[in-house]
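First the structure, in the form of structure tokens, and then the observations on it.
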There are 2 protein chains.
Amino acid sequence: MNVRTLCLSILHEGDATGYEIRRLCVDGECSYFIEASFGSIYPALARLESEGLVSSRTEQQDGKPTKKVYSITPAGRDAFVQELSEPLGEETFRSPFLLFARFAHLLPRDLVEARANEFLRERSERNKIVTAAKATSMNACDAWVINYGRAMMGVAEEYLRAHMHELIALARAEPNKDAAE
Amino acid sequence: MNVRTLCLSILHEGDATGYEIRRLCVDGECSYFIEASFGSIYPALARLESEGLVSSRTEQQDGKPTKKVYSITPAGRDAFVQELSEPLGEETFRSPFLLFARFAHLLPRDLVEARANEFLRERSERNKIVTAAKATSMNACDAWVINYGRAMMGVAEEYLRAHMHELIALARAEPNKDAAE
DNA sequence: ACTTGCATGTAAGTGGTTACATGATTGG
DNA sequence: CCAATCATGTAACCACTTACATGCAAGT
């Protein structure tokens, strides 16, 4: 599941610019399971256009740079459905935080606490995005996916809030804490 | 959080061969949030050895190929703790299945059903691994991470079992189903 | 004055995957 | 007899990231 297919999926739901596609990947309701940067989106869009799967028009705006709005073509829709029919790529979940957490006992408490708080903040932000998504202006499939996200993000935040202090307690006590006393 | 650090983390817990490291990434308790293939593990190990962060010895076995067992060095332990102290990389979660699910309404019911079952099977397999992990021979930090995994894998499987039929129902009915009747 | 948001794009670099090469043993 | 498991490694390839290049407007 590459950036190319990702772009097609977003354009299938409606017209967008490269910039907007990227924003959806960062702030959108589905941002918890998709990812793409400018450096991959723009070339993907250009390639898609050269293949006739999307078309573009430039739109002037006052006070803002000219933008290039992409639309999916009928051929693009076909290609997208075709792509979805092929074997799915593997689910990818990589967590630097969990790897870090496994070795909390080696690390200073301050650091573990900072990282745990950081992680909680990120998780609850994602949770907020997915929880805030309203059922209006959303088809049933999207709602299904959002609800899956809500369930997952929900327990993640819950588990963290309930148990992060345990992890912090397992970290190494600062050596010069009582020395200062 | 690259393969290099991953190898260091595994060797920190005990000696291992490249082959064993890969098995841990596929079947281990932490396989749900780490990933690495042979093509990245072997070069990483070689580089680590050239840097003096790990050492190796070859061990003959009868009926099996000779293996190369790696051990972490004191310098390796230091480097690992150092690495963990630096800013963590981003959490990565990419789900081809969820992208697929968003467009279930475009796809034939058979396909959606097959993919959903496949996904459930994979999820419950991962769930089994993390649930089966016993608290004995595990430090408290590892247990914390495993419990996080249990919570997450648990709801994933639960949600799927409870709601996958809804997703399947949203898929397109086969065109020649009643035609055959 | 500086940063942020809007907006598009390229080029270099990298961190990985996939496929290949090799080979013995065990189990179905 | 074929597939899988054990075991190590290389080489080609690729998708994506990061940094760069550009520039205007609005807010702090």
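To find a chain, count down the sequence lines: A is the first, B the second, and so on, and within it residues start at 1.
Atom CZ of B:Arg22 and atom C1' of D:dT5 are 11 Å apart (whole Å). Atom CG of A:Leu6 and atom C1' of D:dT17 are 15 Å apart (whole Å). Taking atom CG on B:Asn2 and atom P on D:dT18, their separation rounds to 13 Å, with Å as the unit. The CZ-P distance, from A:Arg4 to D:dC14, rounds to 14 Å in whole Å. Between the CG atom of A:Leu48 and the P atom of D:dA15 there is a distance of 13 Å, rounded to whole Å. One atom, CG of A:Leu45, and another, P of C:dA7, lie 14 Å apart when rounded to the nearest Å. What separates CE of B:Met1 from P of C:dT14 is a distance of 18 Å, to the nearest Å. Here the C1' atom of nucleotide C:dG9 and the CD atom of A:Glu49 are 14 Å apart, to the nearest Å.
Within the 3.5 Å criterion, the main-chain N or O of A:Ile168 finds a donor-acceptor partner in the side chain of A:Arg109. A:Trp144 contributes no side-chain N or O that, together with a main-chain N or O of B:Leu170, makes up a donor-acceptor pair within less than 3.5 Å. Of the possible donor and acceptor atoms, none in the side chain of A:Arg94 sits under 3.5 Å from a partner among the backbone N and O of B:Asn2. Side-chain N or O atoms of A:Thr73 include one that pairs as donor or acceptor with a backbone N or O of A:Leu53 at under 3.5 Å.
A salt bridge between B:Glu157 and B:Arg121 is absent, with no side-chain N of the basic residue lying under 4.0 Å from a carboxylate O of the acidic one. Ionic pairing of B:Glu20 and B:Arg23 is not present here: no N-O contact between side-chain nitrogen and carboxylate oxygen is shorter than 4.0 angstrom. Between B:Arg123 and A:Glu91 there is no salt bridge, since no side-chain N of the basic residue sits under 4.0 Å from a carboxylate O of the acidic one.
Side-chain nitrogen and oxygen atoms of A:Gln61 include none within less than 4.0 Å of the OP1 or OP2 phosphate oxygen of C:dC6. Close to D:dT8, at under 4.0 Å from its OP1 or OP2, lies no side-chain N or O of B:Tyr19. For the OP1/OP2 pair of D:dT8 and a distance below 4.0 Å, the side-chain nitrogens and oxygens of B:Thr17 include at least one atom meeting the criterion. At the phosphate of D:dG9, OP1 or OP2 sits under 4.0 Å from a side-chain N or O atom of B:Lys68.
With DNA chain D read from its 5' end, the first of the two nearest nucleotides for B:Lys64 and B:Tyr70 is the one closest to B:Lys64.
Of the residues in residues 34-43 of chain A, those placing a heavy atom less than 4.0 Å from an atom of DNA chain D are A:Ser37, A:Gly39, A:Ser40, in numerical order.
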